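A quick write-up on the structure given underneath.
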Amino acid sequence: MSLSGIYGPAGGGANAGMSEQEQQYVKMMQKGMESCVVKSIMAGGMGFALGGAFGLFMSSMAYDTPLSPQGQQITSLPVRQQLRQGLKDMGAKSLSSAKNFGKIGLLYSGVECTIEGFRAKTDLTNSVSAGCITGGILAYPAGPQAALLGCAGFAAFSAAIDAYMRMPESD
């Protein structure tokens, strides 16, 4: 049996067997996924989720010893109150981390997509430029020197990640 027999008539492509309404829905979804706004929102949402998980993990590892002033205050409380306070602190740290990761994902993705749209190219320059702009914006409230360092640091990180992702696979 030929491949055309399995996948429908020859030349049917990805839309073979779909109704007209289904084909329109697929086209709409593809256009949405190419939109900078949709990409940015998705990146922000994924960053928020990842940041929440990371914050929860990190806050669960942070604990006060009974020898620290705060640890002495906590150990003097009943166990139920200690748990309540610990979980409340973990939730607050997790939410804070989620917001930060979400903001970074939203900002970086939006800037990179916008640069890619203006340049009409997909290359390392887009990532480095987006990293520099994102790092500069995030560090700007701390002053121009911090913005410059944020730009350089985030650009270097973006370049390293993008270069790694573009490496050819070796078998």
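Remember, predicted model here, so these are calculated numbers, not experimental data. Values reported hereafter were calculated over all heavy atoms of this structure, with side chains retained and with hydrogens, waters and symmetry mates removed. One-based numbering along the sequence shown.
Looking only at distances, a side-chain donor or acceptor of E22 sits under 3.5 Å from a matching main-chain atom of S19. A donor-acceptor pair is defined here as one N or O able to donate and one able to accept, closer than 3.5 Å; no such pair exists between the side chain of S94 and the backbone of M90. In this structure a side-chain-to-backbone donor-acceptor pair under 3.5 Å is present from T114 to G110. Side chain of S158 to backbone of V128: no donor-acceptor contact under 3.5 angstrom is found. When atom types are taken as modelled, the side chain of S129 and the backbone of N126 share no donor-acceptor pair closer than 3.5 angstrom.
The shortest non-hydrogen separation linking G51 to S97 is O-OG, 3.0 Å. Here the closest heavy-atom approach between residue F154 and residue G131 is recorded as CB-O, 3.1 Å. Taking every heavy atom of both residues into account, A43 and S109 meet most closely at CB-CB, 3.5 Å. Here the closest non-hydrogen pair linking A146 and A139 is O-CB, 3.3 Å. What you find for K121 and E116 is that their closest heavy atoms are O-CG, 3.2 Å.
Other residues, nucleotides and ligands contribute at most 12 non-hydrogen atoms within 6.0 Å of the CE atom of M42. By the 6.0 Å contact criterion, CE on M165 is open, its count of non-hydrogen atoms from other residues, nucleotides or ligands being 12 or less.
Expressed to the nearest 0.5 Å, how far CE of M18 lies from CD of Q24 amounts to 12.0 Å. Interatomic distance, CD1 of I137 versus CG of L107, reported as 5.0 Å (0.5 Å rounding). Going from atom CD of E34 over to atom NZ of K31 covers 9.0 Å, rounded to the nearest 0.5 Å. How far CZ of F101 is from OG of S96: 10.5 Å, rounded to the nearest 0.5 Å.
Linking Ile, Leu, Val, Met, Phe, Trp and Tyr residues whenever their side-chain heavy atoms come within less than 4.5 Å places I161 and Y164 in a single cluster. Residues L50 and F57 are members of one and the same hydrophobic cluster, defined by side-chain heavy-atom contacts under 4.5 angstrom among Ile, Leu, Val, Met, Phe, Trp and Tyr. Hydrophobic clustering, with ILVMFWY side chains joined whenever heavy atoms are under 4.5 angstrom apart, keeps M29 apart from V38. Hydrophobic clustering keeps L148 apart from Y140 (ILVMFWY residues linked when any side-chain heavy atoms are closer than 4.5 Å, directly or through intermediates). Residues I104 and I41 do not share a hydrophobic cluster, defined by chaining ILVMFWY side chains whose heavy atoms lie under 4.5 Å apart.
Within the 4.5 Å cutoff, the side chain of S127 has heavy atoms near those of the Y108 side chain. You'll find the side chain of L95 reaches within 4.5 Å of the side chain of F48, heavy atoms only. In this structure, the side chains of R80 and R84 come closer than 4.5 Å at one or more pairs of heavy atoms. K103 places none of its side-chain heavy atoms less than 4.5 Å from the side chain of K99.
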